[in-house]
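Structure first, then comments.
These numbers were taken from a predicted model, which means no experiment stands behind them. Sequence lines set the chain letters: A, B, ... in the order given, protein chains first and strands last, and positions in each chain run from 1.
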There are 2 protein chains.
Amino acid sequence: MRTIEELTAQVRSNGGKVTAQRLLIWQALYNNRTHPTAEELYQKLKQVSPTLSLTTLYNTLNELASWGEIRRIDNGDGSIHYDPFVEPHVELVCLACHKVVDSQSKPALLSAPEEMDGFKIISHSEQYYGYCPVCRSAFNQVNK
Amino acid sequence: MRTIEELTAQVRSNGGKVTAQRLLIWQALYNNRTHPTAEELYQKLKQVSPTLSLTTLYNTLNELASWGEIRRIDNGDGSIHYDPFVEPHVELVCLACHKVVDSQSKPALLSAPEEMDGFKIISHSEQYYGYCPVCRSAFNQVNK
DNA sequence: TTACTTACTTATAATCATTATAAAATAAAA
DNA sequence: TTTTATTTTATAATGATTATAAGTAAGTAA
């Protein structure tokens, strides 16, 4: 995700307004390496700004996602997780418990083409699907 | 997705039963290169098997996903799309209209490691996020 | 074949994440 | 200031997915 200053410029250039709510949400995401859900963010931000509405939070998250600043992660647990870290990295997704963790391994794809099949490319992701250490040992228990 | 025969063996080896419903749903997905939603599949399969329940469809889809046979695609349009084609390929995701299309370009990653950070890896995916031709020209209209 | 066990399916209802609505508030420009 | 379009808020609505519990059928073994 780009800096608060750059997002400020982006909003203004679109004729938008840099509100206290947008700033609050941006700051909560900036440099955040977790994958929070809307509800998790809401609980945290309500402590700072009790009148913040879920609608505003969703609007702002959708806006950031539409700019490619954050990415939506559906891991099958019922709610969407948001990932502000969109630089190339490897994500490991457990097919059993739905955990999504960032790997420390270097991604195979360090850069994306600027254009492909008529799409203007902004970012890319690399996901590996499998079974996490915890679920693997659970399987072994069962199969014994 | 593996063949019906292989899935049959998988279910039986788990002590499960190969039911008419499972077969029906498997056949609808096998060699399917679209990204249908549960509802789309349901409407189609109800014509063949009018008593099929949505619950069974969801159960079967979740089961296939937990085996890595199909993949869940959240494109932000409110429902999950399912992709039975899990061999390496490139997916282009439009950040504006949420379209997800398979590219004909060869993926950069043809194979995945068998193991990473303790995860047993089953499959992987490569996604490019950006703006599709339709949305790009819409932007140009607006900015003129 | 027949009976038996367990897994599966169904219809229904419930849940819960997300979005729509409309009135009130506010940032930014004039 | 005043103005205006944008944004926010509280509330209600939507709609995808899941839980429940009773009934059904696949697989197995006599």
Side-chain angles (χ1 to χ4, degrees), chain A residues 4-5 7-26 28 35-46 48-67 70 72-82 97-98 142, chain B residues 4-5 7-26 28 35-46 48-67 70 72-82 97-98 142:
Chain A
I4 308 299
E5 290 70 37
L7 295 176
T8 296
Q10 161 110 28
V11 164
R12 293 239 167 89
S13 76
N14 287 350
K17 296 173 180 179
V18 177
T19 62
Q21 291 84 349
R22 277 200 174 110
L23 285 170
L24 183 73
I25 296 165
W26 293 348
H35 301 152
T37 62
E39 189 59 33
E40 285 165 357
L41 282 168
Y42 185 56
Q43 292 307 325
K44 182 177 153 192
L45 294 179
K46 254 202 327 195
V48 182
S49 174
T51 64
L52 177 72
S53 72
L54 252 180
T55 304
T56 296
L57 179 54
Y58 274 109
N59 286 345
T60 305
L61 290 170
N62 286 337
E63 179 178 66
L64 289 169
S66 77
W67 295 339
I70 63 177
R72 302 159 59 89
I73 298 177
D74 162 50
N75 62 15
D77 72 354
S79 46
I80 302 300
H81 295 247
Y82 295 90
C97 73
H98 302 138
V142 168
Chain B
I4 307 299
E5 291 70 35
L7 295 176
T8 295
Q10 161 110 27
V11 165
R12 293 240 168 90
S13 76
N14 287 350
K17 295 172 179 178
V18 177
T19 63
Q21 292 85 351
R22 277 200 175 111
L23 286 169
L24 183 73
I25 295 164
W26 292 348
H35 302 152
T37 63
E39 189 59 32
E40 285 164 358
L41 282 168
Y42 185 56
Q43 292 306 326
K44 182 177 154 195
L45 294 178
K46 255 204 323 199
V48 182
S49 174
T51 64
L52 177 72
S53 72
L54 252 181
T55 304
T56 295
L57 179 54
Y58 274 109
N59 288 343
T60 304
L61 290 170
N62 285 338
E63 179 177 66
L64 289 170
S66 77
W67 295 340
I70 63 176
R72 303 159 59 87
I73 299 178
D74 162 51
N75 63 15
D77 71 354
S79 47
I80 302 300
H81 295 247
Y82 294 89
C97 72
H98 302 138
V142 168

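If you check every strand for non-hydrogen atoms under 4.0 Å, B:Thr56 touches a base.
For the pair B:Thr8/B:Arg12, a side-chain contact is recorded, criterion being any heavy-atom separation below 4.5 Å from C-beta on. A 4.5 Å side-chain heavy-atom check between A:Leu45 and A:Ile25 finds at least one atom pair inside the cut-off. For the pair A:Ile80/A:Leu61, no side-chain contact is recorded, criterion being any heavy-atom separation below 4.5 Å from C-beta on. Looking at A:Thr56 and A:Thr19, their side chains never come closer than 4.5 Å, going by heavy atoms from C-beta outward. Using a 4.5 Å cut-off on side-chain heavy atoms (C-beta onward), A:Gln43 and A:Glu39 make contact. Counting only heavy atoms from C-beta outward, the side chains of B:Val11 and B:Arg22 approach each other to under 4.5 Å. Looking only at side-chain heavy atoms (C-beta outward), B:His35 and B:Tyr82 stay at 4.5 Å or farther from each other.
Residues from residues 9-25 of chain B placing a heavy atom under 4.0 Å of any atom in DNA chain D, listed by number, are B:Arg12, B:Lys17, B:Val18.
The NZ-P distance, from B:Lys46 to C:dT9, rounds to 18 Å in whole Å. At whole-Å resolution of the value, CG in A:Leu52 and C1' in C:dA24 are 16 Å apart. If you measure from atom CG of B:Leu57 to atom P of C:dC8, you get 16 Å, rounded to the nearest angstrom. As a whole-Å value, the separation of A:Leu61 CG from C:dA17 C1' is 13 Å.
Across all strands shown, D:dA30 forms a Watson-Crick or G-U wobble pair with C:dT1, both key distances being under 3.5 Å.
A distance of 11.5 Å separates OG1 of B:Thr37 from CD1 of B:Ile73, quoted to the nearest 0.5 Å.
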Treating primed atoms plus P, OP1 and OP2 as sugar-phosphate and everything else as base, which nucleotides of nucleotides 13-20 of chain D get B, S or - for protein heavy atoms under 4.0 Å? ---SSBB-
